[in-house]
Amino acid sequence: MRHLARAVVAAAALLLVTLAAAPPAAAAGNPYTAAPVPGSLGRYNVSGVYVAGVSAGGYMATQLQVAYSSRIAGTAVFAAGPYYCAQNNVAQALNGCGNNISPTYLSNLEYYTRLWASYGWIDPVRNLSGKPVYVYHGGSDTSVRKSVTDDLAGYFRDFGASVQYNSGSAAGHSWVTPYGTVACSATASPYLDDCGTDPQRELLTKLLGGVAGPNPGPLGGRLVKFGQSAYAVNGNAPGLSMDASGFAYVPAACTAGQTCRLLVALHGCVQGYGAVGTSFVDRANLDQYADTNNIIVLYPQAAASAVNPNGCWDWWGYLGATNYPIKGGAQLETIMNMVRQLGG
């Protein structure tokens, strides 16, 4: 019994990480980056808030979108499944939301969504109608099966969202970016695959309705390294399995007072600052677009802990509270406190 429990916990923590050997790393471009500057989150003229994430970060992005659909204007998700997929159950997280040994029980998830909206625990579901949603699944991803991501797309469509679904690449379980450091089909640290494509142009075009090309030269904004405990609902980010520090990229135009959009970008398991440094921040190909499109990019950071050894976001209830996917959920509300501070 002890062995089984240990195996289930380990599997859940590693749910979004493939243990098989990866193909050789692909050649990748080296982006211009901004060195982190210690500071605090400022307040800006923000006209809209969007979320994006990969793997566990994709599940958290969906939780933010559904819980705060009155404030979140659109979502992009790589390699994840539908809202409340785990249903506060580690076995379901493993068998139904990563693998497809069990179904996702999509109709139940939609029932809970409507019920919780009627209670006021999440925003009204009518807000999801017409929302832009970008969904990405790679053909070599065996950590989250395509049927699971299909149900994510179906979930949003069932609530009337405008969904663009890219499932045509050979990508592994990863955030796909022109600045990826591993081969397209790989599932290997730092989980940034180079497939010779630019999904960030696609997702930003979907979310924003159009996008200018990225900045190909040195970045003009600042990368602020800030303390996350100031925004944590308990005043202690590490106590929520979050890193002491988070990051925010702020273009010069936003600092100067121009109207800007805010994008919350959420890393996956074993992809936060404590595991891979600023690899996701530097190579996600978001800061380059931020410079030319007046987008502030907020990079909250999860962290490894005793209940979360791989630094995943809480999408199955590992912090021990059942309210993790609704308003008031510890990590969700902490991220929203950051969003509010930035003016979103």
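Between D287 and Y299, the side chains place a donor N or O and an acceptor N or O closer than 3.5 Å (distance only, hydrogens not considered). Under the 3.5 Å distance criterion, with hydrogens and angles disregarded, a donor-acceptor pair is assigned to the side chains of Y68 and E333. Under 3.5 Å, the side chains of D198 and Y289 contain a donor-acceptor pair of N or O atoms. Between the side chains of Q200 and N285, at least one donor N or O lies within less than 3.5 Å of an accepting N or O. Between Y324 and N88, the side chains place no donor N or O within less than 3.5 Å of an acceptor N or O (distance only, hydrogens not considered). Between the side chains of S241 and S305, at least one donor N or O sits under 3.5 Å from an acceptor N or O.
Tested against V250, the residues V37, V297, T255, L262 include a single side chain to side chain contact (heavy atoms under 4.5 Å, CB included) partner, T255.
A salt bridge links D123 to K327: at least one charged side-chain nitrogen sits closer than 4.0 Å to a carboxylate oxygen.
Between F78 and Y136, the ring planes lie parallel to each other; the angle is under 30°, not in the 30° to 60° tilted range. The aromatic rings of F247 and Y273 sit perpendicular to each other, their planes meeting at more than 60°, with 30° as the lower class boundary. The aromatic rings of Y83 and Y155 are tilted relative to each other, their planes meeting at an angle between 30° and 60°. Under the 30°/60° scheme for interplanar angles, the aromatic rings of Y59 and W315 are found to lie parallel.
Separation of atoms NZ (K131) and CG (L207) is listed at 11.0 Å; rounding is to 0.5 Å. Between atom CG of residue D150 and atom CZ of residue R145 there is a gap of 13.0 Å, rounded to the nearest 0.5 Å. Once rounded to the nearest 0.5 Å, the distance linking CG of N100 with OG1 of T149 reads 10.5 Å. If you take CD1 on I296 and CZ on R261, they are separated by 11.0 Å, rounding to the nearest 0.5 Å.
Residue M336 is grouped with residue L266 when hydrophobic side chains (ILVMFWY) are merged at heavy-atom distances under 4.5 angstrom, including chains of intermediate members. Both Y112 and L152 are part of a single hydrophobic cluster, where members link through side-chain heavy atoms under 4.5 Å apart. At a threshold of 4.5 Å between side-chain heavy atoms, the hydrophobic network of Ile, Leu, Val, Met, Phe, Trp and Tyr places L192 and L223 in one connected group. Hydrophobic clustering keeps I122 apart from V264 (ILVMFWY residues linked when any side-chain heavy atoms are closer than 4.5 Å, directly or through intermediates). At a threshold of 4.5 Å between side-chain heavy atoms, the hydrophobic network of Ile, Leu, Val, Met, Phe, Trp and Tyr places Y111 and L109 in one connected group.
Not one N or O on the side chain of Q331 forms a donor-acceptor pair closer than 3.5 Å with the backbone of W313. Not a single donor-acceptor pair under 3.5 Å links the side chain of S129 to the backbone N or O of R126. Without hydrogens or angle criteria, R283 side chain to T278 main chain gives no donor-acceptor distance under 3.5 Å. Between the side chain of Q341 and the backbone N or O of L41 there is at least one donor-acceptor pair closer than 3.5 Å. Judged by distance alone, the side chain of Q228 and the main-chain N or O of D243 form a donor-acceptor pair under 3.5 Å. The backbone N or O of G138 sits nowhere less than 3.5 Å from a side-chain atom of S169 that would complete a donor-acceptor pair. Under a 3.5 Å cut-off, the side chain of Q271 and the backbone N or O of S279 do not form any donor-acceptor pair. Without hydrogens or angle criteria, S162 side chain to G130 main chain gives no donor-acceptor distance under 3.5 Å. In terms of modelled atom types and a separation under 3.5 Å, the side chain of D291 and the main chain of G220 share a donor-acceptor contact. In this structure a side-chain-to-backbone donor-acceptor pair under 3.5 Å is missing from N45 to S47.
Taking each heavy atom of Q288 and P31 in turn, the nearest pair found is NE2-CB, 3.6 Å. Shown here for N166 and Y134, the closest heavy-atom pair between the two residues is ND2-OH, 3.6 Å.
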